[in-house]
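Values below: every heavy atom of this structure, side chains too, minus hydrogens, waters and symmetry copies. In this text the structure is predicted, and so the values were computed from the model without any measurement.
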Amino acid sequence: GISRALVYHCHCIHWGTVEGNRLLLDCIGTTTSLVPQFVVSFAVDSIDEIQDLARQASLKSIRIFPNSHRYPFVPWVADQWLDWAAQNGVALWIPMGHVPEADARDIYEMAGRYPTVPIVLTGSHYVNYSSILPLLRARDNIYVDLSRFDIADGVVRLVNLIGARRLLF
């Protein structure tokens, strides 16, 4: 069975990341089966704003919404955050969904610039399939979340392509 779940607060997407991350920690409380994931905006949030809270929460991953938050996922916006992620062992989660939160070319470039930062493409499905496969072939630090991966024989194809190690569910 499933004994732990990675969770973030939806308040972070459309209202405020700092407040939403605090709400997340309040909701989780002392529950050890829920693992917090902070949402940050690389464009407007400050690392100093979340660093103490991240340390307190033993944060291991962050989720970004560049498209929704209206900024590009490019070095001049993301480098300071990915430097911080690399130094602190924090993984980066990027929603792909029907409208991807980041362009595959930018994901490819940033994964190459930060090979020690695991990048998880989440919410991927048939719309992203033609981008996901080349990204997985090209970069060993890219992982895919299978929770919405609804492609006929898609998981088998992924296992045959890259093995099971970088497939998450």
Side-chain angles (χ1 to χ4, degrees), residues 1-10 12-14 17 20 24 28 32-43 58-79 81-169:
I2 297 171
S3 61
R4 291 175 37 156
L6 185 64
V7 294
Y8 67 96
H9 202 292
C10 61
C12 298
I13 302 168
H14 300 293
T17 55
L24 171 68
I28 290 174
T32 57
S33 60
L34 300 177
V35 178
Q37 180 181 69
F38 285 2
V39 174
V40 298
S41 169
F42 286 173
S58 301
L59 192 71
K60 294 295 178 199
S61 68
I62 57 176
R63 183 177 293 245
I64 60 169
F65 292 87
N67 189 39
S68 295
H69 291 163
R70 307 284 190 248
Y71 65 88
F73 182 50
V74 294
W76 50 272
V77 177
D79 273 350
W81 280 96
L82 290 174
D83 284 337
W84 175 83
Q87 292 167 6
N88 290 282
V90 173
L92 176 65
W93 287 55
I94 305 172
M96 296 302 283
H98 184 67
V99 178
E101 286 293 333
D103 186 274
R105 292 168 290 208
D106 297 331
I107 294 168
Y108 172 84
E109 180 180 347
M110 298 309 285
R113 287 174 68 89
Y114 294 92
T116 63
V117 175
I119 297 176
V120 179
L121 306 178
T122 185
S124 301
H125 54 82
Y126 65 91
V127 174
N128 320 109
Y129 194 57
S130 60
S131 296
I132 299 295
L133 288 178
L135 283 169
L136 289 167
R137 276 195 301 261
R139 301 288 190 215
D140 289 338
N141 60 325
I142 294 180
Y143 297 72
V144 66
D145 156 41
L146 298 174
S147 63
R148 297 190 183 194
F149 201 74
D150 58 356
I151 295 150
D153 295 325
V155 175
V156 172
R157 287 178 175 181
L158 289 176
V159 169
N160 290 337
L161 177 70
I162 62 163
R165 186 182 67 80
R166 294 188 288 144
L167 306 179
L168 308 175
F169 182 78

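Residues Ser61 and Gln37 approach most closely at OG-NE2, 3.0 Å, considering heavy atoms. Taking all atoms of both residues into account, the shortest heavy-atom contact from Pro118 to Val90 is CD-O, 4.5 Å. Scanning both residues, Asn128 and Gly97, for their nearest heavy atoms gives ND2-O, 3.1 Å. Closest heavy-atom contact between Ala78 and Met110: CB-CE, 3.6 Å. Residues Ala104 and Leu135 share a closest heavy-atom pair of O-CD2, 3.6 Å.
One finds the CZ atom of Phe38 at 10.5 Å from the CD1 atom of Ile62 (value rounded to the nearest 0.5 Å). Atoms CG and OH, on Leu24 and Tyr8 in that order, are 11.0 Å from each other to the nearest 0.5 Å. Note: Cys12 SG to Phe65 CZ = 8.5 Å, rounded to the nearest 0.5 Å. The structure places CG of Leu158 at 6.0 Å from CG of Leu133, a figure rounded to the nearest 0.5 Å. Interatomic distance, Arg63 CZ to Leu6 CG, rounded to the nearest 0.5 Å: 6.5 Å. Atom-to-atom distance recorded for Arg157:CZ and Tyr129:OH is 4.0 Å, nearest 0.5 angstrom.
For the pair Asn141 (side chain) and Thr116 (backbone), a donor-acceptor distance under 3.5 Å is absent. In this structure, Asp150 contributes its side chain and His125 its backbone to no donor-acceptor pair below 3.5 Å. Judged purely by atom type and a 3.5 angstrom limit, Asn88 uses its side chain to pair as donor or acceptor with the backbone of Trp84. Glu101 places no side-chain N or O within donor-acceptor distance of the main-chain N or O of Ile64, the cut-off being under 3.5 Å. Between the Asp145 side chain and the Ser124 main chain, no donor and acceptor come within less than 3.5 Å of each other. Looking at His98, its side chain never comes within 3.5 Å of a backbone N or O of Val127 through a donor-acceptor pair.
Within a 6.0 Å radius of OH in Tyr71, other residues, nucleotides and ligands contribute more than 12 heavy atoms.
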Go through the steps to decide whether Val156 and Val159 satisfy the test side chain to side chain contact (heavy atoms under 4.5 Å, CB included), and finish with yes or no. CA-CA 5 Å; Val156 172; Val159 169; 5.8 Å; no

Given the rule in the side chain to side chain contact (heavy atoms under 4.5 Å, CB included) test, do Leu121 and Ile132 qualify, once you have shown the distances and angles that lead to the verdict? CA-CA 8 Å; Leu121 306 178; Ile132 299 295; 3.5 Å; yes

Report the C-alpha separation of Phe42 and Val74 in whole Å, then their side-chain angles, then the decisive distance to 0.1 Å, and conclude whether the side chain to side chain contact (heavy atoms under 4.5 Å, CB included) test is met. CA-CA 10 Å; Phe42 286 173; Val74 294; over 6 Å; no

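With a 4.5 Å cut-off on side-chain heavy atoms, Ile107 and Ile94 count as touching. Val39 places a side-chain heavy atom less than 4.5 Å from the side chain of His69. A 4.5 Å side-chain heavy-atom check between Val35 and Val7 finds every atom pair outside the cut-off.
Among residues at least two apart or in separate chains, there is no salt bridge (charged side-chain N to carboxylate O under 4.0 Å, His left out) pair with a member in residues 82-92.
Considering only residues two or more places apart in sequence or on other chains, Arg113 meets the salt bridge (Lys or Arg N to Asp or Glu O under 4.0 Å) condition with Asp79.
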Counting only pairs under 3.5 Å, give me each side-chain donor-acceptor contact of residues 161-169, with atom names and distances, residues two or more places apart or in other chains.
{"residue": "Arg165", "atom": "NH1", "partner": "Tyr143", "partner atom": "OH", "Å": "3.2"}
{"residue": "Arg166", "atom": "NH1", "partner": "Leu136", "partner atom": "O", "Å": "3.3"}
{"residue": "Arg166", "atom": "NH1", "partner": "Arg139", "partner atom": "O", "Å": "2.7"}
{"residue": "Arg166", "atom": "NH1", "partner": "Ile142", "partner atom": "O", "Å": "2.8"}
{"residue": "Arg166", "atom": "NH2", "partner": "Leu136", "partner atom": "O", "Å": "2.9"}

